[in-house]
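Here's the structure we're looking at; comments come further down.
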Amino acid sequence: MELKARLTEDLKESLRSGDKLRTSVVRLLTALIKNREVEKRGPLTDAEIMQAITSSVKQRQDSIEQFRQGGRQDLVDKETAELQILQSYLPSPLTGEELAALVRTAIRESGAASPREMGKVMSVLMPQIAGRADGKAVSTLVREMLANT
């Protein structure tokens, strides 16, 4: 099922069941997608929708950290619940071993031999791991592996 259609169905279901939190999160997500479609002047692909969800997840994680530092446990709980709902729309995250194997393959495919050629590796790797791993962690791993070659 297409991601946008899945969101629409989930919104209908959450409205029927009276799940206010899920309804709120899905509505915010559909509004975000609609805004991006207006910016793009056309429909979004599933990959672009996934990117929007990933950015929402990152925002929630940042908010949780800020609320923790501010001692607002009530808001931490709310953001954590929203984060879990958003993550249900993302593909399962890669394990450390899976990510390392993909990085090794990308290094071989790109022919990179030094950390200066990290961009080549990242351009091969990022489409494969979109939404499944944090970009900062991936770039750190790529840098380490290239430094060791």
Side-chain angles (χ1 to χ4, degrees), residues 1-69 72 75-112 115-146:
M1 178 185 282
E2 189 178 304
L3 198 50
K4 194 171 176 182
R6 181 175 164 212
L7 284 168
T8 304
E9 288 302 313
D10 286 354
L11 178 61
K12 289 177 189 175
E13 185 59 38
S14 67
L15 284 167
R16 282 187 202 115
S17 68
D19 186 348
K20 290 182 180 182
L21 181 64
R22 181 172 287 279
T23 302
S24 170
V25 171
V26 174
R27 277 188 175 150
L28 285 171
L29 200 51
T30 52
L32 174 67
I33 291 167
K34 192 71 161 166
N35 287 338
R36 291 207 178 174
E37 285 177 338
V38 169
E39 288 173 12
K40 183 184 174 191
R41 298 176 191 215
L44 297 180
T45 64
D46 272 356
E48 291 167 327
I49 293 172
M50 198 68 65
Q51 198 173 32
I53 296 171
T54 302
S55 71
S56 291
V57 166
K58 287 180 183 177
Q59 286 175 348
R60 295 301 186 293
Q61 290 169 337
D62 291 343
S63 296
I64 290 169
E65 184 61 35
Q66 294 296 319
F67 291 143
R68 263 202 192 106
Q69 290 175 359
R72 296 290 310 265
L75 294 174
V76 169
D77 295 341
K78 179 182 174 285
E79 292 289 324
T80 303
E82 289 179 5
L83 179 65
Q84 289 173 343
I85 292 169
L86 286 171
Q87 287 176 331
S88 71
Y89 294 103
L90 292 175
S92 59
L94 293 169
T95 64
E97 299 87 41
E98 291 172 329
L99 184 58
L102 284 171
V103 168
R104 280 191 288 276
T105 304
I107 289 172
R108 265 187 259 118
E109 286 178 15
S110 66
R116 277 188 249 130
E117 297 173 297
M118 186 174 154
K120 290 180 185 177
V121 178
M122 294 299 283
S123 65
V124 170
L125 189 59
M126 288 312 284
Q128 297 173 0
I129 62 165
R132 298 180 66 199
D134 179 45
K136 289 179 186 176
V138 172
S139 68
T140 303
L141 184 60
V142 169
R143 192 173 293 119
E144 287 173 7
M145 288 187 158
L146 285 173

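The figures that follow rest on heavy atoms only: side chains count, while hydrogens, waters and symmetry mates do not. By convention here, the first residue in the shown sequence is residue 1.
- Proximity of Ser139 to Met118: side-chain heavy atoms (C-beta onward) are separated by under 4.5 Å at one or more points.
- The distance from atom CD1 of Ile33 to atom CG of Leu7, rounded to the nearest 0.5 Å, is 5.0 Å.
- When all heavy atoms of Arg132 and Pro91 are compared, the closest pair comes out as CG-CG, 3.5 Å.
- Taking CD1 of Ile49 as the reference point, atom CD of Glu2 lies at 6.0 Å (rounded to 0.5 Å).
- Heavy atoms from other residues, nucleotides or ligands lying under 6.0 Å from NZ of Lys40 number more than 12.
- Between Leu29 and Ile85 the shortest side-chain heavy-atom distance does not fall below 4.5 Å.
- Met145 contributes atom CE, which lies 12.0 Å from atom OG1 of Thr140 (distance to the nearest 0.5 angstrom).
- Annotation for Ala52 and Arg36: closest pair CA-NH1, 3.3 Å, computed over non-hydrogen atoms.
- With sequence neighbours left out, the side chain to side chain donor-acceptor pair (under 3.5 Å) criterion links Thr23 to Ser14.
- For Asn35, there are no side chain to side chain donor-acceptor pair (under 3.5 Å) partners two or more places apart in sequence or in a different chain.
- For the pair Val138/Met122, a side-chain contact is recorded, criterion being any heavy-atom separation below 4.5 Å from C-beta on.
- Going from atom CD of Gln59 over to atom CG of Leu32 covers 7.5 Å, rounded to the nearest 0.5 Å.
- Residues satisfying the salt bridge (charged side-chain N to carboxylate O under 4.0 Å, His left out) criterion with Arg104, sequence neighbours excluded, are absent altogether.
- For Leu86 against Ser56, the heavy-atom pair with the smallest separation is CD1-CB, 3.8 Å.
- For Arg68, the side-chain contact (heavy atoms from CB on, under 4.5 Å) partners two or more places apart in sequence, or in a different chain, are Ile64, Val76.
- Side-chain N/O atoms of Gln69 and Glu65 include a donor and acceptor closer than 3.5 Å.
- The shortest heavy-atom contact between Ser88 and Arg6 is O-NH2, 3.1 Å.
- Remark: Glu37 engages Lys4 in a side chain to side chain donor-acceptor pair (under 3.5 Å) (not counting sequence neighbours).
- Between the CD1 atom in Ile107 and the NZ atom in Lys120 there is a gap of 12.5 Å [rounded to 0.5 Å].
- Comment: Lys12 engages Glu9 in a salt bridge, judged by a side-chain N to carboxylate O separation of less than 4.0 angstrom.
- To the nearest 0.5 Å, the span separating CG on Leu99 from CG on Leu125 amounts to 6.5 Å.
- Taking each heavy atom of Arg22 and Tyr89 in turn, the nearest pair found is NH1-OH, 3.6 Å.
- For the salt bridge (charged side-chain N to carboxylate O under 4.0 Å, His left out) condition, the pairs that include at least one residue of residues 79-94, sequence neighbours left out, are Arg60-Glu79, Arg60-Glu82, Lys78-Glu82.
- A heavy-atom distance below 4.5 Å is found between the side chains of Arg27 and Leu15.
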